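As the structure is a computational prediction, the values presented were derived from the model and not from experiment.
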Amino acid sequence: MSAGLDRGVCIAHQMPFGAELLAQGGTRFRLWAPSVVRAELQLLEPKAAAAPLAMHLAGSGWHEVTVPEAGAGSRYKFLLHLRDGTAWSVPDPASRSNPDGVHAASSVVDARAYTWRETAWRGRAWADAVLYELHVGTFTPQGTFTAAAARLPEMAALGINALQLMPLAAFPGVRSWGYDGVLPFAPAACYGTPDELKAFVDAAHGAGMMVLLDVVYNHFGPDGNYLHVYCPEFFNPAQRTPWGAAINLDGPSSRTVRDYFVHNALYWTTEYNFDGLRLDAVHALRDSSRPDLVCEIAQALREGPGREGPGRAAPGGAPGRDLHVVLENNRNEARYLVRDASGRPLHATAQWDDDIHHALHVLLSGEVDGYYADYAPDPLARLGRALAEGFAYQGEHSKFRDKSRGEPSASLPPDAFVGFLQNHDMVGNRAFGGRIDSFADTRFLTAAYACLLLTPLVPMLFMGEEFAASTPFLYFCDFGPELAAAVAAGRRREFQRFAAFTDEAAIARIPDPNAAATFEASKLRWAERSQSPHRERLALVRELLALRRERLAPHLERLRHGGRYRIEHGALHVAWDLEDGSVWRLLAHFGGEAAETAQGPAGEVLFSAGVHDVPRSPCVRLDPGAVRVAQGR
């Protein structure tokens, strides 16, 4: 698992899978397929071979051939002969590029061809990160890496210092959220070339922004994954997931399968200089190994191109980089987030904190369907505990899941948790892709954004949220006719349990995920930023991020523990002790009526809305949606 280094920048990752250009010229092609009787290489471009080239058995299920004439840009497929007498022509499952789609030929890529500009980049510390989740295809009208890069200076000026890209692994068609990818090493061609993706990352680093990539290691998409056909060893039918047989992470032959994903993590952080990964739905991984795949990936990144702390050297003696692993894990397993004595993560850096979102969602909307039912009895207390201690559910019984959920998290630092008011799921999984402004009690939004942006947890905004974008973010895809019809029907069935969709006319209004118009409707309209109410939201977010950067961020890296909270007269009080002896305090009121509380935040008031002093009284009066943030002794 070595990494090529050039002027301190990792530009190529060598791995046993796929096509590797050789220093002496030519290309070595390797495929792991233990059940295949015979494997051949089909060279298609620039000059097609007269006949498929036999690949020799290299042991342990590997097939290999070296072709002196093949170089960067050569197109190829594997012709695989199975035991049942059939033959399949398939793309490389470790393809670095599939320019014509996931069913077409793979392309040999020269990973060293791109010249990095930001060679001094070593990443960013995590504690003061302000994340921004974006989907490349809908972020700009053009939907490309190049167009997205042009927006980066504006994001940096706003106060965004970390981007999180939704999955880029090649998927069927030209429209997708990315979670149905089938070629994990190939950037989706509809967004641009591999070098254009590298240029995007390079530009972000030039603007002082780190870039994380969302990766999916719990399943492959339903269209274009040929591993099911010729490599059953990749799956474990004894373990089931929502997507079918689980990926084989702990059964016979699982070592090579695990290596495939570990190499994928190293590949993105080495070859593309990504600053970290967000691991999708790790609760859906079926893995009894110790260490499990999550911990193995975290360890591989820190022992490879990354480092755990200042001064640690990367392979070859070059300075290391700060790399981060962020989890989606609805089990609230705090053990993945533990720190060492120096405060450095032993495994994952942080986790998306659904508890913060769910509690805020109930407070702002009153919706209590589905998993929101767990937050209905006392959403303010759930929010307070999540802000102060990380998880609201730390082992308590979940009514929605009908079992206990979570592990104690109060000992973890705030930067182990990513808070958000919106993300791709929470917007896109609504029938009409409605953003929070379309259904929330708008009186509470300022307080909600203060809870998100002026507390020590790592905040995340979903693209367009900073200016209250009016465009929806709908679920969209681009499957063939049969699968497209099944997906559309399944999408509409999901909503039939809701009262608003009990009749056929209402169900028929749900957008077709496969229609191009659904995708187009989800693209941001940047011109809105100068119009009301969008400019007002942008001004609020800019003000809060400036306060965070100037007053809170200097304390965050040394903040090793959570805070404390209380509910008083229906108002939420949360406090965090900072290392300089001061206390950071938040007061928020999400009640529908004005209220009084005996004490407002003591110290210098940094931000206040809807909080009024009561003459000749120690109390303050709170309007619905009131919020105050202060720092003092």
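A donor-acceptor distance shorter than 3.5 angstrom exists from the side chain of Lys198 to the backbone of Ala111, with no hydrogens or angles considered. Panel note: side chain Asp92, backbone Ser106; no donor-acceptor pair is recorded below 3.5 Å. The main-chain N or O of Thr349 is never found under 3.5 Å from a side-chain atom of His324 such that the two would form a donor-acceptor pair. Proximity of a side-chain donor or acceptor of Asp250 to a complementary backbone N or O of Ser254 within less than 3.5 Å is not detected. Judged by distance alone, the side chain of Arg492 and the main-chain N or O of Ile510 form a donor-acceptor pair under 3.5 Å. Between the side chain of Tyr132 and the backbone N or O of Gly464, at least one donor-acceptor pair lies under 3.5 Å. Remark: the backbone N or O of Phe145 is not paired with any side-chain donor or acceptor of Glu196 at under 3.5 angstrom. Using modelled atom types, one side-chain atom of Thr269 and one backbone atom of Ala265 make a donor-acceptor pair closer than 3.5 Å. With hydrogens and angles disregarded, no donor-acceptor distance shorter than 3.5 Å links the side chain of Thr270 to the backbone of Tyr267. In terms of modelled atom types and a separation under 3.5 Å, the side chain of Arg75 and the main chain of Leu44 share no donor-acceptor contact.
For the residue pair Asp287 / Ser289, a side-chain donor-acceptor distance below 3.5 Å is found, with atom types taken as modelled. Looking only at atom types and distance, the side chain of Tyr179 has no donor-acceptor partner in the side chain of His219 under 3.5 Å away. Using a 3.5 Å distance cut-off with no hydrogens or angles, the side chains of Trp121 and Asp275 do pair a donor with an acceptor. Side-chain atoms of Ser89 and Gln42 include a donor-acceptor pair closer than 3.5 Å. At a cut-off of 3.5 Å, with distance as the only test, no side-chain donor of His13 or Tyr272 sits close to an acceptor on the other residue.
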message: Before you tell me yes or no, could you show the steps for Asp180 and Asp223 under side chain to side chain contact (heavy atoms under 4.5 Å, CB included), namely the whole-Å CA-CA distance, both residues' side-chain angles and the distance that decides it to 0.1 Å?
response: CA-CA 8 Å; Asp180 51 6; Asp223 182 10; over 6 Å; no
message: Before you tell me yes or no, could you show the steps for Tyr217 and Val262 under side chain to side chain contact (heavy atoms under 4.5 Å, CB included), namely the whole-Å CA-CA distance, both residues' side-chain angles and the distance that decides it to 0.1 Å?
response: CA-CA 10 Å; Tyr217 296 155; Val262 173; over 6 Å; no
- request: Go through the steps for Asp354 and Tyr393 under the test side chain to side chain contact (heavy atoms under 4.5 Å, CB included), then give the verdict.
  value: CA-CA 10 Å; Asp354 285 348; Tyr393 277 86; over 6 Å; no
message: Assess the residue pair His357 and Trp352 against the criterion (side chain to side chain contact (heavy atoms under 4.5 Å, CB included)); give the C-alpha distance rounded to whole Å, side-chain angles, the decisive distance to 0.1 Å, and a yes or no.
response: CA-CA 9 Å; His357 170 271; Trp352 276 22; over 6 Å; no
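For the pair Val326 and Leu279, the minimum side-chain heavy-atom distance is 4.5 Å or more. Within the 4.5 Å cutoff, no side-chain heavy atoms of Phe234 are placed close to those of Pro93. Residues Val427 and Met463 are not in side-chain contact: their nearest non-hydrogen atoms beyond the backbone lie 4.5 Å or more apart. Taking 4.5 Å as the limit, some side-chain heavy atom of Phe391 sits within range of a side-chain heavy atom of Gln351. Ser74 has its side chain out of reach of Thr27: every pair of non-hydrogen atoms, C-beta onward, lies at least 4.5 Å apart. Counting heavy atoms from C-beta on, the side chains of Glu20 and Arg96 come closer than 4.5 Å. Using a 4.5 Å cut-off on side-chain heavy atoms (C-beta onward), Ile507 and Phe495 make no contact. Side-chain atoms of Arg240 and Arg286, non-hydrogen and from C-beta on, never get closer than 4.5 Å to each other.
Taking each heavy atom of Val216 and Pro167 in turn, the nearest pair found is CG2-CG, 4.0 Å. Closest approach of Ala245 and Pro237 over heavy atoms only: CB-CA, 3.9 Å. Heavy-atom minimum distance, Thr518 versus Tyr475: CG2-O, 3.6 Å. Residues Glu233 and Val257 come closest through the heavy atom pair O-CG2, 3.8 Å. Across Pro305 and Leu266, no two heavy atoms sit closer than the pair CD-CD2, 3.6 Å. Minimum heavy-atom separation, Leu474 to Ala521: CD1-CB, 4.3 Å.
Using cut-offs of 30° and 60° on the angle between ring planes, the pair His205 and Trp116 is parallel. Taking the six-membered ring for Trp and thresholds of 30 and 60 degrees, Phe78 and Tyr76 have ring planes more than 60 degrees apart, a perpendicular arrangement. A tilted orientation is assigned to the rings of Phe220 and Tyr260, their planes being inclined by 30° to 60°. Ring planes of Phe476 and Phe473: perpendicular class, angle over 60° (limits at 30 and 60°).
Under the 4.0 Å criterion applied to side-chain N and carboxylate O atoms, Glu133 and Arg278 are not assigned as salt-bridge partners. Using a 4.0 Å cut-off between charged side-chain N and carboxylate O, Glu118 and Arg321 make no salt bridge. Using a 4.0 Å cut-off between a side-chain N of Lys or Arg and a carboxylate O of Asp or Glu, Arg175 and Glu520 do not qualify as a salt bridge.
Here the straight-line distance linking atom NE2 of His283 with atom CG of Asp280 works out to 7.5 Å at 0.5 Å rounding. Distance check, rounded to the nearest 0.5 Å: CG of Asp355 to CG of Asn332 gives 5.0 Å. A distance of 9.0 Å separates CG of Leu227 from CD1 of Ile247, quoted to the nearest 0.5 Å. Between atom CG of residue Leu41 and atom CZ of residue Phe29 there is a gap of 5.0 Å, rounded to the nearest 0.5 Å. Summarising the geometry, atom CH2 belonging to Trp268 is positioned 15.0 Å from atom CG belonging to Leu323; distances are rounded to the nearest 0.5 Å. Separation of atoms CG (Leu134) and CG (Leu461) is listed at 11.5 Å; rounding is to 0.5 Å.
Evaluated for a ring-ring contact (aromatic ring centres under 6.0 Å, His included) with His424, the options Phe139, Trp177, Phe462 yield exactly one hit, Trp177.
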Cut-off 3.5 Å, no hydrogens considered: what does the side-chain donor-acceptor table look like for residues 56-68, sequence neighbours left out?
| from | atom 1 | to | atom 2 | distance (Å) |
| --- | --- | --- | --- | --- |
| His56 | ND1 | Glu64 | O | 3.0 |
| His63 | NE2 | Ala33 | O | 3.1 |
| Glu64 | OE1 | Arg30 | NE | 2.8 |

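No more than 12 heavy atoms of other residues, nucleotides or ligands lie within 6.0 Å of CD in Glu482, so this atom counts as exposed by the packing criterion.
For Asp202, the side chain to side chain donor-acceptor pair (under 3.5 Å) partners two or more places apart in sequence, or in a different chain, are Tyr114.
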